[in-house]
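Notes follow once the structure below has been shown.
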Amino acid sequence: MSIQYEVEPLADSYGVADSFPKDFGYGEEEADIEDSPTPSDSKPRILLMGLRRSGKSSIQKVVFHKMSPNETLFLESTNKIYKDDISSSSFVNFQIWDFPGQVDFFDPTFDYEMIFRGTGALIFVIDAQDDYVEALGRLHLTVSRAYRVNPEINFEVFIHKVDGLSDDHKIETQRDIHQRANDDLADASLEKLHLSFYLTSIYDHSIFEAFSKVVQKLIPQLPTLENLLNIFISNSGIEKAFLFDVVSKIYIATDSSPVDMQSYELCCDMIDVVIDVSCIYGLKEDGSGSAYDKESMAIIKLNNTTVLYLKEVTKFLALVCILREESFERKGLIDYNFHCFRKAIHEVFEVGVSAPWTGSQAAGTPCTKAVTLNGTPRSTV
């Protein structure tokens, strides 16, 4: 598919590291769990668990540290528990704890109650190309113990490395794992414990989409963001809109229409194009400048009359829209509506910053600064 793009030159400076601004960094990596507690320990946690060589560390490196999937082949096996502080936006702040597969975290030397009590999501990674009987046993042991400590945890199962399987084999593997895992929970009288299953691979966008779903469950403002996006696209003639974290390409919210994988991949590729082109042409002669700032905007016109439109929302977030060429002729209206949308999003962020996250915080916490009582933006178009 041929692509024509127009990218506005960028100004100001966040500083650039490779193709991403330094300020987009996710904090210090690989801090030992035995380190003394820090203020960031109060952030919600995402636990990565699974057997050895299941792909846990590769997932973390590819999604949050921009490592090439091929480079993960040279990663050494994790031999201790690492904490990775993730700060992907002004209110999506969490830690990822990567547990080595060979470590028994129920050993008396580990305070598993402390670990699970502050956890927002537990991701268990299963290697779909290996015999997963042992993995299912560890999955049941892990989630049942965690559920008894903290019933509010979101339990996610990544059926990983499916890139080497045929489509029929993927479906059959997911069905088998789903059936066995839920049968084990039923036998243990844990029917209320809900597991979410995702087919993932680091060699395509499936791992980013799966992590998007996981992160969205940790955002109490998600219903408000979705409502704002619905109002924005309905008044602008837009077919689909994603609110992206630019670095990780996780979408923290989208409108209520179904997510098409091809559309999501197009939007991810657009972010890569914008950052890469900006790093080449948007920097000053001395190398200073910015790959992404408040002036960032891009238009990509595909050869099937589809237009991709990217606009900066915050220092960390971008709105990527998919629309038809005839709808884009009303660009002035779209830009005005975007201005109202952006203002409302910033007000939501202010509430997110002022209201600390708690593990039991209900989804849909009111954001009265951003919306009226019926959920519509104050500056509705």
Side-chain angles (χ1 to χ4, degrees), residues 1-16 18-24 88-90 225 228-229 231-255 263-284 288-303 305-349 377 379 381:
M1 179 179 291
S2 63
I3 297 180
Q4 301 176 350
Y5 56 84
E6 308 165 11
V7 183
E8 288 194 350
L10 306 177
D12 298 329
S13 175
Y14 292 154
V16 177
D18 295 327
S19 61
F20 290 91
K22 290 180 180 178
D23 283 9
F24 278 76
S88 58
S89 78
S90 57
L225 299 179
L228 291 173
L229 283 167
I231 295 169
F232 171 68
I233 68 169
S234 64
N235 287 283
S236 305
I238 293 172
E239 295 185 355
K240 188 68 182 172
F242 295 92
L243 191 60
F244 272 97
D245 168 43
V246 175
V247 170
S248 65
K249 292 183 289 189
I250 286 175
Y251 68 93
I252 67 167
T254 185
D255 57 88
S263 298
Y264 174 64
E265 291 175 355
L266 278 173
C267 294
C268 288
D269 292 342
M270 182 184 192
I271 292 174
D272 287 336
V273 169
V274 170
I275 297 298
D276 291 343
V277 172
S278 297
C279 284
I280 297 172
Y281 299 107
L283 304 182
K284 300 177 181 178
S288 64
S290 169
Y292 184 77
D293 61 19
K294 62 183 179 180
E295 301 296 329
S296 295
M297 186 276 285
I299 303 165
I300 295 180
K301 297 180 179 180
L302 308 182
N303 62 1
T305 72
T306 299
V307 176
L308 305 180
Y309 190 29
L310 179 146
K311 294 274 285 183
E312 184 264 1
V313 178
T314 75
K315 179 179 177 180
F316 296 99
L317 299 179
L319 181 70
V320 183
C321 306
I322 301 174
L323 65 161
R324 295 295 174 187
E325 283 187 359
E326 53 267 27
S327 299
F328 194 66
E329 292 175 359
R330 301 183 299 168
K331 183 175 179 294
L333 174 64
I334 294 173
D335 288 344
Y336 177 76
N337 289 347
F338 172 78
H339 173 75
C340 298
F341 170 81
R342 187 176 186 270
K343 182 179 179 182
I345 290 293
H346 276 264
E347 292 180 355
V348 172
F349 283 8
S379 302
V381 180

> Hey, which of Leu317, Val274, Ile275 is the one that makes side chain to side chain contact (heavy atoms under 4.5 Å, CB included) with Val246?
Replying inline: Ile275
> Sequence neighbours excluded, which residues qualify as side chain to side chain contact (heavy atoms under 4.5 Å, CB included) partners of Arg330?
Replying inline: Leu333
> Shortest non-hydrogen contact from Leu225 to Ala253?
Replying inline: CB-CB, 3.8 Å
> Would Leu308 and Asp269 satisfy side chain to side chain contact (heavy atoms under 4.5 Å, CB included), going step by step from the backbone distance to the final call?
Replying inline: CA-CA 11 Å; Leu308 305 180; Asp269 292 342; over 6 Å; no
> Between Phe328 and Ile299, does a side chain to side chain contact (heavy atoms under 4.5 Å, CB included) hold up when you go through it step by step?
Replying inline: CA-CA 10 Å; Phe328 194 66; Ile299 303 165; 3.6 Å; yes
> Backbone N or O of Ile250 within a donor-acceptor pair of the Ser248 side chain at under 3.5 Å?
Replying inline: yes
> If you measure from CG on Asp335 to OH on Tyr309, what distance do you get to the nearest 0.5 Å?
Replying inline: 3.5 Å
>> Counting C-beta onward and ignoring hydrogens, is there a side-chain heavy-atom pair between Val320 and Leu266 closer than 4.5 Å?
In response: no
> In Å and rounded to the nearest 0.5 Å, what is the CD1 to CG distance from Ile252 to Leu243?
Replying inline: 4.5 Å
>> For the OG atom of Ser327 and the CD1 atom of Ile334, what is their distance to the nearest 0.5 Å?
In response: 6.5 Å
> Who passes ring-ring contact (aromatic ring centres under 6.0 Å, His included) against Phe232, sequence neighbours left out?
Replying inline: Phe341
> In Å and rounded to the nearest 0.5 Å, what is the CD to NZ distance from Glu295 to Lys311?
Replying inline: 8.5 Å
> Out of curiosity, Ile233 CD1 to Lys240 NZ, how far, rounded to the nearest 0.5 Å?
Replying inline: 7.0 Å
> Is the shortest heavy-atom distance from the side chain of Cys268 to the side chain of Tyr251 under 4.5 Å?
Replying inline: no
>> My understanding is that only residues two or more places apart in sequence, or in another chain, count here; which of them pass side chain to side chain contact (heavy atoms under 4.5 Å, CB included) with Glu265?
In response: His205, Met261
> Looking at side-chain heavy atoms only, is the closest gap between Val307 and Arg324 below 4.5 Å?
Replying inline: no
>> With a 4.5 Å cut-off on side-chain heavy atoms, are Lys249 and Asp272 touching?
In response: yes
> How about Cys267 and Ile322: do any of their side-chain heavy atoms sit closer than 4.5 Å?
Replying inline: yes
>> Return the CE to CZ distance between Met270 and Phe242, rounded to the nearest 0.5 Å.
In response: 13.0 Å
>> Has Thr254 got a side-chain atom pairing as donor or acceptor with Ala241's backbone, closer than 3.5 angstrom?
In response: yes
>> Determine whether a donor-acceptor pair (N or O, by modelled atom type, separation under 3.5 Å) exists between the side chain of Asn235 and the backbone of Asn337.
In response: no
